[in-house]
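Inspection log for the structure reproduced underneath, given as structure tokens.
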Amino acid sequence: MAAESGYQIVRVRAPRNTPLSRGFRMVEETLEAEGRPLAAICAMELRIPKPLTREGFDEFNVGYVAQLQRWGLAVDGRQPAARTNVAPEFEPPDQPSLHAFCYAVEGASKRGTFVISGVPEAPGTPGGLAAFWAAIAQTLDERMTALGVKWADATETQFYGTRADHELFGAQGLAFFDELVRPGLRWFFSRPPLDFLKLEIDVRGLARDSSL
């Protein structure tokens with residue numbers, strides 16, 4: 001999702017392991033305090049106790065999508081708000097939690113502001129870890145092009161993988177991912193929400209990043 005002219009996207013980090021039900025109220029309270037409608041919500045970042053089976057993931061989504069519907073965020077039957085939903089490898093929450101959220105505010109920005117959902121690897125991609133990341137990078141490029149933004153607009157890239165994946169990735173070098181790491185790289189020792197996936201990336205370009 002990218003901000004329209006005259007608006008910019010900001011991010012707010014929730015207190016650590018904020019239960020999702022409380023996190024939803026926190027989103028509502030924050031937007032109300034800033035005089036912004038719920039339609040300004042751009043993205044949600046969640047943390048879950050462990051990766052889920054396909055059935056467990058679908059069950060989790062029922063409640064999550066219901067909340068977005070109560071907020072009136074659906075557009076043509078779809079939920080446009082971006083989402084990253086990962087399971088921390090160390091000290092995971094004991095229940096689904098809100099990590100952060102993004103929303104649009106009025107204001108001009110020198111660069112395009114945007115947020116893109118987490119993109120996991122495609123299972124079965126031949127070529128190993130490097131091929132996984134290359135496929136993800138291509139997907140991110142395509143999504144950014146569709147939003148009308150560029151890597152020069154990005155302020156941060158987030159990698160999600162285990163510590164073992166981090167060591168393996170580091171041993172292969174980052175040279176072919178110059179665009180991904182140039183904005184500023186953060187690696188979270190986490191897994192994607194589905195138990196058959198290992199790696200994920202998201203990227204965003206923000207006007208402001210704060211915490212509650």
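Applying the salt bridge (charged side-chain N to carboxylate O under 4.0 Å, His left out) criterion to R22, with sequence neighbours excluded, gives E29. Under the salt bridge (charged side-chain N to carboxylate O under 4.0 Å, His left out) criterion, R47 pairs with no residue at all, not counting sequence neighbours. Every side-chain hydrogen bond (donor to acceptor under 3.5 Å, both in side chains) that T162 has, sequence neighbours left out, goes to D165.
Summarising the geometry, atom CG belonging to N17 is positioned 7.0 Å from atom CG belonging to D94; distances are rounded to the nearest 0.5 Å. Residue R16 holds its CZ atom at 9.0 Å from OG of S97, rounded to the nearest 0.5 Å. Note that OG1 of T30 is 7.0 Å distant from CE of M26, once rounded to the nearest 0.5 Å.
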Between side-chain atoms of residues 112-119 and protein atoms elsewhere (two or more places apart, or another chain), which donor-acceptor pairs fall under 3.5 Å?
unit_1 : atom_1 : unit_2 : atom_2 : d
T113   : OG1    : I9     : N      : 3.0
S117   : OG     : R83    : N      : 2.9

Under 3.5 Å, which donor-acceptor pairs link side chains of residues 65-72 to any protein atom two or more places apart or in another chain?
unit_1 : atom_1 : unit_2 : atom_2 : d
Q67    : OE1    : R70    : NH2    : 3.1
W71    : NE1    : E28    : OE2    : 2.7

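Inter-residue side-chain proximity for T84 and Q158 is flagged as unmet; no heavy-atom pair is nearer than 4.5 Å. The side-chain heavy atoms of P49 and P96, taken from C-beta on, include a pair separated by under 4.5 Å. Annotation: side chain of E55 is not in contact with side chain of E59 (no heavy-atom distance under 4.5 Å). L140 has its side chain out of reach of T157: every pair of non-hydrogen atoms, C-beta onward, lies at least 4.5 Å apart. For the pair P37/L31, no side-chain contact is recorded, criterion being any heavy-atom separation below 4.5 Å from C-beta on. V27 is listed as a side-chain neighbour of M44, based on a closest heavy-atom distance under 4.5 Å. Between Y64 and Q79 the shortest side-chain heavy-atom distance does not fall below 4.5 Å. Inter-residue side-chain proximity for V10 and S210 is flagged as unmet; no heavy-atom pair is nearer than 4.5 Å.
For the residue pair L73 and A39, the shortest heavy atom distance occurs at CD2-CA, 3.8 Å. Here the closest non-hydrogen pair linking P88 and S190 is CA-OG, 3.5 Å. When all heavy atoms are compared, the tightest approach of P92 to I48 is CB-O, 4.4 Å. Across all their heavy atoms, L98 and A14 have their closest contact at O-CB, 3.6 Å.
Under a 4.0 Å N-O distance rule, the pair R208/E34 qualifies as a salt bridge. At a threshold of 4.0 Å, the pair R204-E156 counts as salt-bridged, since one of the basic side-chain nitrogens sits closer than that to a carboxylate oxygen.
Judged as a salt bridge (Lys or Arg N to Asp or Glu O under 4.0 Å), not a single pair has a partner in residues 103-114 (not counting sequence neighbours).
Using cut-offs of 30° and 60° for the angle between ring planes, the F188 and H99 rings count as perpendicular.
The closest donor-acceptor contact from the side chain of S109 to the backbone of G107 lies at 3.5 Å or more, if one exists at all. Of the possible donor and acceptor atoms, one in the side chain of T155 sits under 3.5 Å from a partner among the backbone N and O of L206. Although no hydrogens or angles enter the test, the distance criterion places no donor-acceptor pair under 3.5 Å between the side chain of E200 and the main chain of Y160. Using a distance-only test at 3.5 Å, with no hydrogens or angles considered, a donor-acceptor pair links the side chain of D153 to the main chain of K150.
Tracing side-chain contacts under 4.5 Å through hydrophobic residues (I, L, V, M, F, W, Y), one never reaches L194 starting from F189; they form parts of separate clusters. Y7 and Y103 fall into different hydrophobic clusters, where Ile, Leu, Val, Met, Phe, Trp and Tyr residues are linked whenever their side-chain heavy atoms come under 4.5 Å apart, directly or through other members. In the hydrophobic clustering of ILVMFWY residues, with side-chain heavy atoms under 4.5 Å counting as a link, L38 and L20 come out together. Connection of L46 to F101 is established within a shared hydrophobic cluster, with ILVMFWY side chains joined at heavy-atom distances below 4.5 Å, either directly or through further cluster members. The cluster map of Ile, Leu, Val, Met, Phe, Trp and Tyr, joined by side-chain heavy atoms under 4.5 Å apart, puts M1 and V149 in different clusters.
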* For the pair L197 and E121, evaluate side-chain contact (heavy atoms from CB on, under 4.5 Å) and give the outcome as yes or no after the intermediate values. => CA-CA 7 Å; L197 298 176; E121 92 275 9; 3.9 Å; yes
